[in-house]
Amino acid sequence: MRVTDVPGVPEWLPEHLADEGIQELYPPQAEAVERGVAEGESLVASVPTASGKTLVAELAMLSAVASGGKALYIVPLRALAGEKAREFEQFEQYGVSVGVSTGNYESDGDWLGSRDVIVATSEKVDSLLRNGAQWVDDLACVVSDEVHLVDDSHRGPTLEVTLGKLRQRVADLQVVALSATVGNADELADWLDAELVDSSWRPIDLRTGVHYGQALHLDDGTQRELPVGGHDTQSAAIVDDTLDDGGSTLVFVNSRRNAEAEAARLADVTRQHLDAEEREALDGLAADIREVSDTETSDDLADAVERGAAYHHAGLAREHRELVEEAFRDRLVKAIAATPTLAAGVNTPARRVVVRDWRRYDGDAGGMKPLDVLEVHQMFGRAGRPGLDPYGEAVLLADTHDELEELFDRYVYAEPEAVRSKLAAEPALRTHVLATVATGFATTRTGLLDFLDETLYATQTDDPQRLETVTDDVLAYLARNDFLERDGDQLSATRSGHLVSQLYVDPMSAAEIIHGLEVGPSVESASDGDGDDSETSFRTASELAADDDGDDDPDPTPFGLYHLVSRTPDMYELYLRSGDREEYAELAYEREAELLGRAPSEYEDARWEDWLSALKTAKLLEDWASELDEERIAERYGVGPGDIRGKVETAEWLLNAAERLAAELDLGCAPAVRRARKRVEYGVREELLDLAGVREVGRKRARRLYNAGIESRADLREADKSVVLAALRGRRKTAETVLENAGHENPSMEGVDADADTDADPNGDVGATSADGSTDTPERAGTDESGSGQASLGDFE
DNA sequence: CCTCGGTAGCTTTAGACAGCATGTC
DNA sequence: CTAAAGCTACCGAGG
């Protein structure tokens, strides 16, 4: 089918596509058009990666926009939202406006409602629905990318419920669901009342197979010699062979450590294939990588990149990942060893894909579990760049002949699994039942069950009772925690229930937070403890005054609050390593007075384990909020820069929720919670909060200013400019901007010289001392560097 | 004394959404 | 129901 023959599409589109080199539709695209995607028909397209799904979505969205409606494109990842929006911006020249909305990014300029095409994550769409976004009623078309993720036990239910709500709210809404090839695309189509295109067609050839011994065994029965030769590993030999042909390779492994070790090995191969120009470019890239973060992770990555290889996993900072992905697309980095981050993320195709590890540790299963066929096929799908590679090749690695045969049966010739809804689980229903009632989607138990009856789960289950049973359990839980009220069949959300729904936290997190804040420190009058009065000194004069006003509950400490939000189901747990149990059990005892709520006993195994794991997270957050540098934190907790950022972000979000809940319930500690949140947000100690609130002043600059005697925003306005300039290490432009942001009358630095007496020595920064800066436990003694941070420690002792 | 290689035993284990209001070194 | 790679400490041989 030619693009000129597509009905319903705006008239400028065929020419635009022709300019892009698209004259003829791919077979699955043509089939989608025949089923009416461009004329408002709902459709499930179950097709391989890179077989033109995006164009199918565009045909649907553009014809919807052309007939006066809006289109919504739902993505599973924030990073994908940006990528998709950039693709759709090609249509802005025809007057189609595009907006993005994710948790950390909102389209600038006009309000979302004025956009024709909106790209958002499923959670953000859910949240927008909960918060009453009006433009939803103008939607004509919704595209759901990677719908097979409804199978995901954590995030799948959100997508499932959100699609259900959109369909219920907007009559005749066109739903275009794009899926990887799955075992039961027909069931998805049934659920969405949609037409089905189920195809395995690909624009470029993908050969799959297994490498065993000295040869690549391919799915068409052929073999291709590929000797391991002098190489250490099969993957190294494959990378070498691919490079001989000018291609790049993606190697999937099952752990971060494996990714790093593999990258180091592959770098020995890739370095042999670099020319002088590439070496120079890679040196520059390595320097950029080191610049991103001062951690071992960052250094190791740079070392590999200098030699033309890289690793990729969630411990990397976002900038790291972006740099690596971009360099790989530019063919500068020749091989990447990656965890599954890369299989699901932004588009990074390679000539060859190697799935080195096909089993992954699963604690619940008690050992290594084989990857799903669907997951392996997703990795395979990264092989072959349309228009650039002549073909793609994806292989698994076998050690034995038996394994060779097993891998062929298990993955090469196997059909992907069926997608199964995970909705009927308490954690999922807890949040969605509350939101469904709070937003008025359902006002009765019957109405709620009717709504749930339209979900994928209901169409798939052979135990219809189960959904009802779990729903009743969840309703009881929500009522018990005062988020919901029941009156016979009637359901209504309480004020706090509404708030919890809008804040988008798990009701169980909210309940834990509320309980912790209400009960307060587990030991009475924590601040009157053992003379080490570290906790009260965090409080400002006005707070102490407030306490004198008859409120005799001590405020929770930041550490107590960090622990509280860290033990919430919304905070991903940090692993306890060997020795950690003892270390954090000791910390739990030392800081017992600060911890909020009832501590579990050491004999309640699972709870105690969670308690300690949360304590580890809390300590990390406290270190961050005590200006400990990234490098030390990464080393101390065995995490990467990406993990630190992730924890901090989640803590910020949950502490914001805690603050709002405290205010709503009149708990009085909202200001203390706010300060704890600000400290995590800025990564500073109490005394820098004011300074770090000035734009362009972060934890480092604030500390330097403070050490130079400038302790507040007001000081900054009246400060001697030469002192400010010296504290900011002589950066005139920065100093001007900072003064301007602080509200200085005349920020100009013209004619000002840095004050030679002001020492901007970074060692003046507070180092590794922990926030209480007092107890001399062995574990801390070694990190207390002589003389560091004297100026500020006084405030804590 | 140092280096290299081999090995036994121990340790560790993927990912990433959301609120709100604006911005690091 | 189900593990395995990588790292470390250690040993012995060779230079």
Where the side chain of [X] is concerned, which of [options] is the nearest nucleotide?
{"X": "A:Arg356", "options": "B:dA14, B:dC25, C:dA5", "value": "C:dA5"}
{"X": "A:Ser127", "options": "B:dG19, B:dC25, B:dG15", "value": "B:dG19"}
{"X": "A:Asn656", "options": "B:dC25, B:dA18, B:dG19", "value": "B:dG19"}
{"X": "A:Ser578", "options": "B:dT12, B:dA14, C:dA3", "value": "B:dT12"}
{"X": "A:Glu123", "options": "B:dA16, C:dA4, B:dA18", "value": "B:dA18"}
{"X": "A:Tyr504", "options": "B:dT13, B:dG19, B:dC17", "value": "B:dG19"}
{"X": "A:Tyr575", "options": "B:dC20, B:dT13, B:dA16", "value": "B:dT13"}
{"X": "A:Thr341", "options": "B:dC25, B:dG15, B:dT12", "value": "B:dG15"}
{"X": "A:Ala365", "options": "B:dG19, C:dT2, B:dA16", "value": "C:dT2"}

Considering every strand and a 4.0 Å limit on heavy-atom distances, what is the contact class for [X]: base, sugar-phosphate, or nothing?
{"X": "A:Val697", "value": "sugar-phosphate"}
{"X": "A:Asn131", "value": "nothing"}
{"X": "A:Arg731", "value": "nothing"}
{"X": "A:Arg257", "value": "base"}
{"X": "A:Gly698", "value": "sugar-phosphate"}
{"X": "A:Leu654", "value": "nothing"}
{"X": "A:Val694", "value": "sugar-phosphate"}
{"X": "A:Thr158", "value": "nothing"}

Short side-chain N/O contact to [N] OP1/OP2 from [X], under 4.0 Å:
{"X": "A:Lys124", "N": "B:dG19", "value": "yes"}
{"X": "A:Arg660", "N": "B:dC20", "value": "yes"}
{"X": "A:Arg703", "N": "B:dC25", "value": "no"}
{"X": "A:Arg78", "N": "B:dA18", "value": "yes"}
{"X": "A:Arg256", "N": "B:dG15", "value": "yes"}

[X] side chain to [Y] backbone, donor-acceptor under 3.5 Å:
{"X": "A:Arg382", "Y": "A:Leu342", "result": "yes"}
{"X": "A:Glu123", "Y": "A:Thr158", "result": "no"}
{"X": "A:Glu736", "Y": "A:Met749", "result": "yes"}
{"X": "A:Arg701", "Y": "A:Glu696", "result": "yes"}

Starting at the 5' end of DNA chain B and moving along, which residue's nearest nucleotide shows up first, A:Glu375 or A:Pro76?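 Going by which nucleotide is closer to the 5' end, it is A:Glu375.
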DNA chain B: 5'-proximal contact among A:Pro340 and A:Tyr682 (nearest heavy atom): A:Pro340
Can a donor-acceptor pair be found between the side chains of [X] and [Y] at a distance below 3.5 Å?
{"X": "A:Ser298", "Y": "A:His320", "answer": "yes"}
{"X": "A:Arg256", "Y": "A:Thr297", "answer": "no"}
{"X": "A:Ser509", "Y": "A:Asp570", "answer": "yes"}

Rounding to a whole Å, what distance do you find between [X]:[atom1] and [N]:[atom2]?
{"X": "A:Glu652", "N": "B:dC20", "atom1": "CD", "atom2": "C1'", "value": "10 Å"}
{"X": "A:Tyr105", "N": "B:dT22", "atom1": "OH", "atom2": "C1'", "value": "13 Å"}
{"X": "A:Lys647", "N": "B:dC17", "atom1": "NZ", "atom2": "P", "value": "13 Å"}
{"X": "A:Glu573", "N": "B:dG15", "atom1": "CD", "atom2": "P", "value": "16 Å"}
{"X": "A:Trp653", "N": "B:dA16", "atom1": "CH2", "atom2": "C1'", "value": "11 Å"}
{"X": "A:Arg581", "N": "B:dT11", "atom1": "CZ", "atom2": "P", "value": "14 Å"}
{"X": "A:Trp111", "N": "B:dC20", "atom1": "CH2", "atom2": "C1'", "value": "12 Å"}
{"X": "A:Leu661", "N": "B:dG19", "atom1": "CG", "atom2": "P", "value": "14 Å"}

By nearest-nucleotide position on DNA chain C, the 5'-leaning member of A:Asp399 and A:Lys369 is A:Lys369
A:Arg679 to A:Trp624, cation-pi by 6.0 Å centre distance and 45° axis angle: no
Compute both the distance and the angle, then confirm whether A:Lys369 meets the cation-pi test with A:Tyr361: under 6.0 Å from the six-membered ring centre, within 45 degrees of the axis.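 Judged by the rule (NZ or CZ under 6.0 Å from the ring centre, within 45° of its axis), A:Lys369 is not positioned above A:Tyr361.
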Within residues 258-266 of chain A, the residues having a heavy atom closer than 4.0 Å to DNA chain C are A:Asn258, A:Ala261, A:Arg265
When the C1' atoms of B:dA14 and C:dC1 are considered, how many whole Å apart are they?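 The answer is 22 Å between these two C1' atoms.
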As a test of your reading of the structure, name each stem of DNA chain B as range with range, where a stem is three or more consecutive Watson-Crick or G-U pairs at under 3.5 Å.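 Correct response: B:1-13 with C:3-15.
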Results of ring pair (Phe, Tyr, Trp, His ring centres under 6.0 Å) for A:Phe252 - residues two or more places apart only: none
Are A:Lys647 and A:Tyr572 close enough that some pair of their side-chain heavy atoms sits under 4.5 Å apart? yes
Does the side chain to side chain contact (heavy atoms under 4.5 Å, CB included) test come out yes or no for A:Leu397 and A:Asp357, once each step is laid out? CA-CA 8 Å; A:Leu397 305 182; A:Asp357 303 331; over 6 Å; no
